[in-house]
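Note that ligands are numbered from 1 as they come in the structure, with each ligand's atoms numbered from 1 the same way.
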Amino acid sequence: MKKVNGHEVIQLFEQFSPKAFAMEGDKVGLQIGALNQSVENVLVALDVTEEVVEEAIAKNVQLIIAHHPPIFRPLKRIATDTPAGRMIAKLIKHDIAVYAAHTNLDVAKGGVNDLLAAALGLNNPQVLVPTYEDQLKKLVVFVPEEDAERLRDALGKAGAGAIGNYSHCSFSGAGEGRFLPGENTDPHIGEQGKLEAVNEVRVETVFPQSIEKRVVQAMIKAHPYEEVAYDVYRLDNTGEQLGLGRIGQVEETNLSEYAKVVKEALGVDKVRVVGDLNAKVKKVAVLGGDGNKYYSQAKFRGADVYVTGDIYYHTAHDALMAGLNMIDPGHNVERVMKHGVATVMEGLCKEKGYDVTFIPSEIGTDPFTFI
Ligand SMILES: [Zn+2]
């Protein structure tokens with residue numbers, strides 16, 4: 001098992017949840033501390049509160065990955081006799097870094113909204129509110145015949161060549177490559193100062209730009225040449241639409257029964273419900289966090305019920321008038337994130353042989369109590 005630092009952990013995390021997916025103006029990335037120190041334990045939290053910081057200290061954590069950025073508006077001062085200042089001072093004193101992944105984690109495949117959709121039993125969930133087009137790119141690379149199979153396999157494993165439900169898609173054509181190794185070269189085939197002709201294969205494949213770094217790195221690693229000849233270009237094809245919220249079908253039930261499903265799935269005691277409790281529920285829209293401004297999309301896409309947090313009184317009225325039922329389990333709808341992200345990251349680190357443990361925070365940070 002390999003000891004790692006914060007950069008290595010975050011590099012893997014950003015493969016799963018790239019910063020480019022974040023909405024404009026969101027505060028994502030490293031917020032407190034540094035990533036160049038070694039990391040053994042990572043705490044995955046919804047919010048960073050003083051209690052969560054105490055938990056991190058007790059559990060010997062070097063890095064916190066938080067969904068809600070603890071620093072959202074620019075700080076004017078860090079006064080250590082205020083709760084916020086005290087918390088930051090404590091984090092720095094204990095060398096604990098804080099990294100925030102907010103709307104980029106909402107949008108990411110397998111992120112907050114996919115975790116919610118899975119918890120609520122949605123079949124074949126689709127994006128509710130598109131926010132980001134993952135532009136398609138093409139990679140063309142020239143490789144000696146005998147290494148082509150291994151290279152295609154590495155590209156497929158890195159996620160290139162995924163088209164719909166097909167993976168490892170590529171096209172190969174045979175040709176002749178020519179090169180003249182200069183001084184200070186150590187050619188895989190041929191020798192310095194002698195023009196060489198090699199039977200090569202032109203391999204081409206497509207990939208979304210969010211995984212470009214990983215695809216190109218995997219390709220170079222699997223290629224035998226010292227200097228690899230390859231081209232990357234942009235395509236005008238429409239890329240995959242990513243975004244906030246999900247919509248999908250559940251087994252037919254009614255609003256009151258489905259509210260029970262939501263409570264059970266998200267581990268909350270109470271939910272607020274808008275609409276006729278006997279209304280049919282089959283198509284469900286869900287959006288983690290505060291989804292007030294997207295209720296009309298849920299209605300437009302034909303949802304029978306829209307599950308989201310922090311519903312305002314007036315949004316509830318507008319939804320009632322529009323004939324859209326709603327369920328509000330509170331802002332803590334996102335707490336499925338803690339276990340979900342820890343599981344994803346454990347898997348990615350295991351593949352890499354990284355010696356690091358992910359701990360879902362056990363502190364409930366919902367400030368509300370129902371009595
Ligand atoms: Zn939130």
Review point. Between the side chains of Arg152 and Ser172, is a donor N or O closer than 3.5 angstrom to an acceptor N or O?
Key: yes

Checking Asn254 against Glu252: is there a side-chain donor and acceptor pair closer than 3.5 Å? no

Next item on the list: Answer yes or no for Lys138 and Tyr233: cation-pi contact, defined as NZ/CZ to six-membered ring centre under 6.0 Å and angle to ring axis within 45°.
Entry: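 Because its charged atom misses either the 6.0 Å distance or the 45° angle limit, Lys138 does not stack over Tyr233.
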
Shell check on the Zn ion (ligand 1): protein N, O or S atoms less than 2.8 Å away are His68 NE2, His331 NE2, Glu334 OE1, Glu334 OE2

- Task: Before accepting this row, confirm whether a basic side-chain N of the pair Glu204/Arg202 lies closer than 4.0 Å to the acidic partner's carboxylate O.
- Result: yes

Over 60° means perpendicular and under 30° means parallel, so classify the ring planes of His102 and His67, tilted if in between.
-> perpendicular

| said: Between Tyr99 and Phe13, is the ring centroid distance below 6.0 Å? | reply: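 Distance test on ring centres: under 6.0 Å, yes.
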
